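Below is one structure, written out as structure tokens; comments come after it.
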Amino acid sequence: MAARPGFRLGVTGGIGSGKSTFSAMLAERGAALVDADALSRSVTAAGGAAIAAIAAQFGPAFIASDGAMDRERMRRLAFEDAHARERLQAIVHPLVGAAIAQACRQAQQEGRRLIVLDIPLLTESKHWPARLDGVAVVDCPPATQIERVRERSNLQEDAIRAIMATQSPRLQRLAAADWVVFNGAGTTLADLRTKAHQIARSFGL
């Protein structure tokens, strides 16, 4: 795929795939990094743009004592109630989308060759494909996802599988990929960094 200045590369993968680690490795080579998760946390932090609407939609019980969204309470509700998840997304996604667009404009003004958008739910979204120039999927088997998440978050397997069930199936993610970066159990950080640097070099980084 031919690269052009300000190329918008969406990086995605299932939970535990290592997509954020891979995105950070691209940033090491000079790519601009736009982290959708970080932006989402910022709009639901104390004083964030989504807080008033969340309190109005879900009630004050979903706002923690520090003024931020109670992420654990909301996470439980969202996993149990698909309609609640959609209501939350209707509040948060437009705000995050606007913040991402602003970050991309800033990177383009700075003349950055590659803009990496770390987007967990890229293939679950209908609007992202039209806003990106390419997609890299960081891929690993489901068993590896479960083991990694268990080690880092101390979650039980059923809880991890519940999260995975809200994400696109592995084959759906792979079908959307312009680049597939395999990051299975035997892949070391050095291996992953080599793959990141190979992609970065194709953009002149």
Side-chain angles (χ1 to χ4, degrees), residues 1 3 7-29 31-41 71 75 78-79 85 89 92-93 96-97 99-100 103-104 114-155 157-203 205:
M1 177 178 293
F7 191 97
R8 295 163 300 179
L9 177 65
V11 177
T12 195
I15 186 172
S17 64
K19 66 170 184 56
S20 294
T21 299
F22 182 76
S23 295
M25 290 173 175
L26 290 172
E28 290 174 359
R29 298 288 294 190
L33 178 58
V34 181
D35 186 335
D37 254 357
L39 292 172
S40 178
R41 286 192 294 273
R71 295 179 65 83
R75 185 180 293 115
F79 285 143
R85 183 165 63 248
Q89 290 171 349
V92 172
H93 285 187
V96 173
I100 288 173
C104 287
L114 178 62
I115 304 169
V116 172
L117 294 92
D118 183 342
I119 305 172
L121 301 180
L122 189 156
T123 54
E124 290 82 352
S125 168
K126 295 178 181 178
H127 73 265
W128 272 117
R131 301 185 183 187
L132 299 170
D133 300 308
V135 173
V137 171
V138 183
D139 177 60
C140 66
T144 304
Q145 291 180 257
I146 291 169
E147 185 60 27
R148 285 176 179 160
V149 177
R150 180 190 287 141
E151 288 181 0
R152 80 184 187 199
S153 302
N154 200 31
L155 290 174
E157 181 171 339
D158 57 349
I160 300 168
R161 289 190 179 278
I163 295 171
M164 292 168 63
T166 69
Q167 300 181 333
S168 293
R170 185 183 185 189
L171 291 179
Q172 182 178 331
R173 284 194 296 270
L174 293 174
D178 297 297
W179 290 269
V180 175
V181 180
F182 185 70
N183 187 31
T187 306
T188 66
L189 284 174
D191 294 334
L192 191 62
R193 182 171 279 105
T194 295
K195 296 174 184 179
H197 290 186
Q198 287 172 345
I199 289 179
R201 279 196 296 272
S202 71
F203 291 93
L205 300 178

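Because only heavy atoms are used, hydrogens play no part in the values below, and waters and symmetry mates are left out as well, while side chains stay in. As the structure is a prediction and not an experimental result, all values here were calculated from the model.
- The backbone N or O of Thr123 lies less than 3.5 Å from no partner atom in the side chain of Arg173, so there is not a single donor-acceptor pair.
- Here CG of Leu33 is found 8.0 Å from OG of Ser20. Values are rounded to the nearest 0.5 Å.
- Minimum heavy-atom separation, Arg148 to Gly18: NH1-N, 4.5 Å.
- In this structure, Lys195 contributes its side chain and Phe182 its backbone to a donor-acceptor pair below 3.5 Å.
- Classified by interplanar angle (parallel below 30°, tilted 30° to 60°, perpendicular above 60°), the ring pair Trp179/Phe203 is tilted.
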Item to complete: Step by step, work out the side chain to side chain contact (heavy atoms under 4.5 Å, CB included) result for Ile163 and Val149.
Response: CA-CA 11 Å; Ile163 295 171; Val149 177; 5.6 Å; no
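- In this structure, Ser17 and Asn183 approach most closely via the heavy-atom pair O-ND2, 2.8 Å.
- Each of Asp178, Asp118, Asp133 was compared with Arg8 under the salt bridge (charged side-chain N to carboxylate O under 4.0 Å, His left out) criterion, and only Asp133 meets it.
- To the nearest 0.5 Å, the span separating CZ on Arg170 from CD on Gln145 amounts to 8.0 Å.
- Considering Thr12, Val11, Asp35, Ile100 as possible partners of Leu117, the one that fulfils the side chain to side chain contact (heavy atoms under 4.5 Å, CB included) test is Ile100.
- In terms of heavy atoms, Val116 sits closest to Ala31 at CG2-CB, 3.7 Å.
- By the 4.5 Å heavy-atom criterion applied to side chains, Arg29 and Ile199 are not counted as neighbours.
- Here the closest non-hydrogen pair linking Ala36 and Val96 is O-CG1, 4.0 Å.
- Side-chain contact check for Met25 versus Leu189: some heavy-atom pair is nearer than 4.5 Å.
- A distance of 12.5 Å separates CD in Glu151 from CD1 in Ile146, rounded to the nearest 0.5 Å.
- Nearest heavy atom pair, residue Gly16 against residue Cys140, reads O-SG, 4.1 Å.
- Side chains of Leu132 and Leu122 form a contact here, defined as non-hydrogen atoms less than 4.5 Å apart.
- In this structure, CG on Leu205 lies 6.0 Å from CG on Leu114, to the nearest 0.5 angstrom.
- Contact detail for Met164 and Ile15: the closest heavy-atom pair is CG-CG2, 3.7 Å.
- A donor-acceptor contact shorter than 3.5 Å links the side chain of Ser23 to the backbone of Lys19.
- Note that SG of Cys104 and CD1 of Ile115 are 5.0 Å apart. Values are rounded to the nearest 0.5 Å.
- Under the 3.5 Å distance criterion, with hydrogens and angles disregarded, no donor-acceptor pair is assigned to the side chains of Asp191 and Thr194.
- Put simply, the side chain of Thr21 does not reach to within 4.5 Å of the side chain of Val138, judged on heavy atoms.
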